[in-house]
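Accompanying notes for the structure given below.
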Amino acid sequence: MKVLIVDDHAYNRELLSYVLEDEGIESLQAFDGQHAIDVFLSDQAIELILMDINMPNMDGIDATRKIKEYADNRLATIIFVTALDDPKVLVRCLDAGGDDFVPKPINEAILVSRLRAHIRNQEMYKGLKSANDKLRYHQKLMEREHQVVEHIFRNNSESVDTVCQNITLYTSPASLFNGDILLSAPSPSGGVYLLVGDFTGHGLSAALGSLPVSSIFYDCAAKQESITYMASLMNRRLLKLLPSEMFFCAALIYIDPTGQKAQFWVGGMNDILCKVPGQPSLQKINAQHMPMGILEEDEFNGSLELHQFPLGSRLYIFTDGVNEAKNQQAEEFGLEALEKIFLQDGHPIDSVIQAVREFTRG
């Protein structure tokens, strides 16, 4: 640490220099304000300045203002050494960026005590700055890693264009990395595979499971594997991958080329709702299975449900993020409100989005 002594009288500079030398503190000297600025800018080791007020060429107040301006993020504690006791002048010193005062004539004990106090503050500042620099470094590193991971997730989870134009997909994740999966892929025979899923938790840990699930989904769809095989393979992979407190709720569906027959494997999800033309209520396809990633392979049930639907039927598959959306009073949107919307004609997906947004109000 270096201290810059600024005074137009050589005697005062030498006196302060001797006091600092006794304390083992290195010092430099400047004879006026402009000289002080030049010396400060030329030596990055200067962290504390003992500044006189009345000096020719440039006084201590103007020099302090300039030094604080040039210092930017550099630490520069300025202590005025003055015989003045005019409150207006002292206020100007503080307004210019001064940090403390030491009265003239110099009392060595008071000066040393003030210096030690400011040195302690500077050491604390350095510690905080070092910690902040490390945090910024790790923040930049994390942001870079997030960009890489985001790129991988985005490319991995892009839905394949299907030949079926009767599918509407919508997702509104709570965060950049999340455990929501919404995929579709064509079957070589002309059918369509669908996957709607939700991992427990949020953030990157929940999102990690989507990589193997997406890979298995697209690989199996391209080979026209059964959804029983697809579900079993996903469960086996997730059982090895996920910690015990995590699992994957999912609805796997295969719609045949006619669009009237569908196979379902549903584990841990909300009931799938079906609106059949001419019927006043919704049909429900219940989740018959446990979520993936919980049961061992010999316990896992991959059995399917088969359903045939009249022309014009609509299927609604959704995660609990919809019905559990809360308003400002912590009330949930609820399944009843959702089912009322699905019973209406028109564009129910748009109606759901609008209703949930109005309900939650952000």
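Computed from a predicted structure; not experimentally measured.
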Separation between CG (Leu50) and CG (Leu111), nearest 0.5 Å, reads 6.0 Å
How many angstroms lie between atom CD of Glu123 and atom CD1 of Ile119, to the nearest 0.5 angstrom? 8.0 Å
Sub-4.5 Å side-chain heavy-atom contact between Leu238 and Val213: yes
Please walk me through it: do Phe199 and Leu242 pass side-chain contact (heavy atoms from CB on, under 4.5 Å)? CA-CA 10 Å; Phe199 280 91; Leu242 299 179; 3.9 Å; yes
Between the main-chain N or O of Gln329 and the side-chain N or O of Asn327, is there a donor-acceptor pair closer than 3.5 Å? yes
Which atom names give the shortest non-hydrogen contact between Thr228 and Gly302, and what distance separates them? OG1-O, 2.8 Å
Can you tell me if Ser214 uses its side chain to pair, donor with acceptor, with the backbone of Ser210 under 3.5 Å? yes
Would you name the heavy atoms of Ser17 and Gln29 that are closest together and state the gap between them? CB-NE2, 3.9 Å
Dump the intermediate steps for side-chain contact (heavy atoms from CB on, under 4.5 Å) on Ile53 and Phe80, then the final yes or no. CA-CA 7 Å; Ile53 295 180; Phe80 282 98; 3.6 Å; yes
Find the distance between CG (Asn107) and OG (Ser113) and round it off to the nearest 0.5 Å. 10.0 Å
Would a single hydrophobic cluster contain both Leu273 and Leu335, if residues Ile, Leu, Val, Met, Phe, Trp and Tyr are joined by side-chain heavy-atom contacts under 4.5 Å? yes
Heavy-atom side-chain proximity of Val356 to Val352 below 4.5 angstrom: yes
Would you check if the distance from the ring center of Trp265 to the ring center of Phe300 is below 6.0 Å? yes
Search all heavy atoms of Cys220 against all heavy atoms of Met230 and return the closest pair with its distance. CB-CE, 3.5 Å
Single-linkage hydrophobic cluster Ile216~Leu239, side-chain heavy atoms < 4.5 angstrom: no
Hydrophobic clusters here meaning ILVMFWY residues chained together by side-chain heavy-atom distances under 4.5 Å, can you tell me if Ile79 and Val112 are in one? yes
Check Lys104 with Asp7, please: is the shortest side-chain N to carboxylate O separation under 4.0 Å? yes
Mind running side-chain hydrogen bond (donor to acceptor under 3.5 Å, both in side chains) on Ser189 and Ser187 for me, showing each step along the way? CA-CA 5 Å; Ser189 67; Ser187 163; 3.1 Å; yes
Provide the closest heavy-atom pair for Leu241 versus Gly209 in the form atom of the first, atom of the second, distance. CD2-CA, 4.2 Å
Mind checking the NE2-CG spacing from His35 to Leu4? Nearest 0.5 Å is all I need. 8.5 Å
Heavy-atom check, side chain of Tyr316 versus side chain of Ile272, under 4.5 Å: no
Any chance you could lay out the side-chain contact (heavy atoms from CB on, under 4.5 Å) test for Phe248 and Ile294, step after step, and finish with the verdict? CA-CA 9 Å; Phe248 181 50; Ile294 295 176; over 6 Å; no
Between Pro348 and Ile341, the two heavy atoms sitting closest are O-CG2, 3.8 Å
Within the supplied structure, the quantity of interest is the number of heavy atoms (other residues, nucleotides, ligands) at a distance under 6.0 Å from Tyr170 OH; does it exceed 12? yes
Is Ile25 linked to Leu28 within one hydrophobic cluster, defined over Ile, Leu, Val, Met, Phe, Trp and Tyr using a side-chain heavy-atom separation of less than 4.5 Å? no
Exercise: do Asn323 and Asn270 side chains pair donor with acceptor under 3.5 Å: yes
In the structure I gave you, are the side-chain heavy atoms of Ile5 and Leu20 within less than 4.5 Å of one another anywhere? yes
What closest approach, in Å, do Ala287 and Gly268 show between heavy atoms, and which atom pair accounts for it? CB-N, 4.0 Å
Hey, are Arg236 and Glu296 close enough for a salt bridge, meaning a charged N less than 4.0 Å from a carboxylate O? no
Distance under 6.0 Å and angle within 45° of the ring axis: does Arg65 meet both against Tyr70? no
Carefully, step by step, assess Gln224 and Tyr193 under the rule side-chain contact (heavy atoms from CB on, under 4.5 Å). CA-CA 9 Å; Gln224 201 168 336; Tyr193 289 93; 3.7 Å; yes
Could you state whether Leu252 and Leu304 fall into the same hydrophobic cluster, counting links through intermediate Ile, Leu, Val, Met, Phe, Trp or Tyr residues with side-chain heavy atoms under 4.5 angstrom apart? yes
Quick one: sort the Phe359 and Phe333 rings into parallel, tilted or perpendicular, breaks at 30° and 60°. perpendicular
Would you say Cys274 and His307 make side-chain contact, with heavy atoms under 4.5 Å? no
Pick from Lys2, Lys129, Lys126: which one makes a salt bridge (Lys or Arg N to Asp or Glu O under 4.0 Å) with Glu47? Lys126
Applying salt bridge (charged side-chain N to carboxylate O under 4.0 Å, His left out) to Lys240 and Glu297, what does each step give before you reach the verdict? CA-CA 11 Å; Lys240 294 180 179 179; Glu297 190 170 356; over 6 Å; no
Could you tell me whether a side-chain N or O of Ser42 sits under 3.5 Å from a main-chain N or O of Val39, the two making a donor and an acceptor? yes
Does atom NZ of Lys275 have more than 12 heavy-atom neighbours from other groups under 6.0 Å away? yes
Is it true that, when you exclude Glu336 itself, more than 12 heavy atoms of the residues, nucleotides or ligands shown sit nearer than 6.0 Å to its CD? no
At what distance, to the nearest 0.5 angstrom, does CE of Met142 lie from NZ of Lys140? 13.0 Å
Please verify the inter-ring angle class for Phe342 with Phe318; under 30° counts as parallel, over 60° as perpendicular, anything in between as tilted. tilted
State the CG-CZ distance between Asp100 and Arg114, to the nearest 0.5 angstrom. 4.5 Å
Please tell me if the side chains of Thr77 and Ile49 come closer than 4.5 Å, counting only heavy atoms from C-beta onward. no
Using only atom types and a distance under 3.5 Å, with no angle test, would you say the side chain of Asp271 pairs donor to acceptor with the backbone of Lys284? no
Taking it one step at a time, do His118 and Asp99 satisfy side-chain hydrogen bond (donor to acceptor under 3.5 Å, both in side chains)? CA-CA 9 Å; His118 283 287; Asp99 299 288; over 6 Å; no
Evaluate the side-chain proximity of Ile181 to Asp198: yes if any heavy-atom separation is below 4.5 Å, no if none is. no
Do Thr319 and Met269 have side-chain heavy atoms sitting under 4.5 Å apart? yes
As a quick check of understanding, evaluate side-chain hydrogen bond (donor to acceptor under 3.5 Å, both in side chains) for Gln354 and Asp350, giving each step before the final call. CA-CA 6 Å; Gln354 181 179 352; Asp350 294 337; over 6 Å; no
